[in-house]
Protein chains: 2
Amino acid sequence: MSLRKKFVVEPGTRIRLKDVDASFHGDYASAEHAKADLARNVARLAELQQKLFAEKKHALLVVLQGIDAAGKDGTCWHVMAAMNPLGTYVKSFKQPTEQELRHDFLWRVHPFAPGLGQVAVFNRSHYENVLVVRVHELTPKPVWSTYYDTINAFETTLANAGVTILKFFLYITPEEQLERFRQRLDDPARQWKISESDYTERACWNQYIDAYEDMLEKCSTAHAPWYVIPSNHKWFRNLAVSSIIEATLDDMKLQLPEPSVDIDEIRRKYHQAAKEGSPQ
Amino acid sequence: MSLRKKFVVEPGTRIRLKDVDASFHGDYASAEHAKADLARNVARLAELQQKLFAEKKHALLVVLQGIDAAGKDGTCWHVMAAMNPLGTYVKSFKQPTEQELRHDFLWRVHPFAPGLGQVAVFNRSHYENVLVVRVHELTPKPVWSTYYDTINAFETTLANAGVTILKFFLYITPEEQLERFRQRLDDPARQWKISESDYTERACWNQYIDAYEDMLEKCSTAHAPWYVIPSNHKWFRNLAVSSIIEATLDDMKLQLPEPSVDIDEIRRKYHQAAKEGSPQ
């Protein structure tokens, strides 16, 4: 089963999230059964990232979105940490600062676009401007409703410059979210993460779902597809995200660069002579 | 044996690198013997970084310097990759661009200083301005010779803002460097990294040693110490660097933040009610 095909939002189509099974876990009976495949994916990601870094002909941008506790941080840790930090970075987008609010909404995002040879992960992203901004009307509708086109144009600009864009919407149910909050309450090491707004935001669940559905419909494009990842099972989420990234990097047919020097000549010139005495 | 005490350059003292044993490996007979300790360090680093990230009262800046093939990239991969990319990043400083050269030499560096809660690794750094710049006279001596004070003032500024600074000079012998170049020649996956200048730079070895010795003497300070890491054995280098970072983070007495809410009240308010019906 190609997880890419299975989870991609075909451009122009509308996904009804209530029809999506957030607990889907494919052919795997349990985390235990998926372990070997996840390990394989993670090892492949490390290898492919090294090639992408060396070749410097492609860049990769991974966008992570999802409601609180959907697993954005966990995906960074369990999937993206497989890649060498030399050439890979995570940028988290928090509530914008006063200065950032005085600019267009892409102003703070653009500088973090990955260059050729780099992998960037956006933990939340410019999409917040059609999510939280929309749900809480932080910007009037006539303004935010233009953002979908703005975002598509921006992503086209990046894609034209060699950036492959993968966008993952980590989808969990409200019941699963509440269960994760409860686990945090019971874990002293994670109690500091809890805020009351985690709970009060749940009152807006349906508005968020509308906003996600619009985002997925309007902004899944051939060059920057959205994937809806069933994320009630963390292990399946990691498996699915890592599989899709791996398949995408694999398609790039990444190649290590050819040596820029004549290897035999270098060997003759510097290594045979060296036996007779250190160059120091 | 405290590796911190053993390898630190005491402020104001001059290290003669020719007296340093680059092949030192302490009480460990081999990589195999060090394996368990390295694994322990790496696991501790992951844990401590999580706390630093959560607490947001400290920042850590790790500076890596060393001649070509000394193991800067390897240290990023084997040590720093242990930390969650959420909150950790590597910044590599390459040859400055034309624009960067039109600014003071710290202009391109300062924006990458870590903020509270972050760990930054500089793979090469502002020290290149008293190393390659000095050896090749890219800037006249009366100018670069002022840079030591400039750097100390800069690092003081960072330290005063909560940044703990650790600087590692990865020290290998010229024989070890040549051997590593030879290994690259023999490894098709790494041949692309080879350039003739790798070899021609070796003619400047002694000038680099002078420049390193000056740097270590003038810029090892109480708040931003230099460590000279014997790096002929990659495994020992990883062990030493990870030990020193671990001990330093340990000294910070990092604490997870207290919950900002009343945990019992949240439990009562949102979790017991939830049993009666989903909040959706």
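So that the names make sense, note that chain A is the first sequence line, chain B the second, and so on, each numbered from 1.
A centroid separation of less than 6.0 Å is found between the aromatic rings of Phe169(B) and Tyr212(B).
Note: Glu196(B) leads Glu196(B), Met80(B), Glu265(B), Lys193(B) in heavy-atom pairs under 4.5 Å with chain A. Ranked by heavy-atom pairs under 4.5 Å with chain A, the first of Thr88(B), Val90(B), Asn123(B), Asp262(B) is Val90(B). Looking only at heavy-atom pairs under 4.5 Å with chain A, the residue among Val261(B), Asp264(B), Leu86(B), Leu256(B) that has the most is Leu86(B). Heavy-atom pairs under 4.5 Å with chain B were tallied for Ile194(A), Val121(A), Asp73(A), Ile266(A); the largest tally goes to Ile266(A).
Applying side chain to side chain donor-acceptor pair (under 3.5 Å) to Gln177(B) and the options Arg182(B), Glu201(B), Arg202(B) leaves one that passes, Arg202(B).
Counting only distance, with no hydrogens or angles, the side chain of Asp186(A) and the backbone of Gln183(A) share no donor-acceptor pair below 3.5 Å. Put simply, the side chain of Asp198(A) gets close to the backbone of Ser195(A): a donor and an acceptor are under 3.5 Å apart.
Cation-pi geometry between Lys56(A) and Phe53(A) is met: under 6.0 angstrom from the ring centre, within 45 degrees of the axis.
With a 4.5 angstrom heavy-atom cutoff, Ala54(B) touches chain A via backbone and side-chain atoms both. Using a 4.5 Å cut-off between heavy atoms, Glu258(B) contacts chain A through its backbone alone, with no side-chain atom that close. Looking at Ala189(A), both its backbone and its side chain come within 4.5 Å of chain B, counting heavy atoms on both sides. Both the backbone and the side chain of Asn84(B) come within less than 4.5 Å of a heavy atom in chain A.
Between Lys269(A) and Tyr199(B), the closest side-chain pair of non-hydrogen atoms is not below 4.5 Å.
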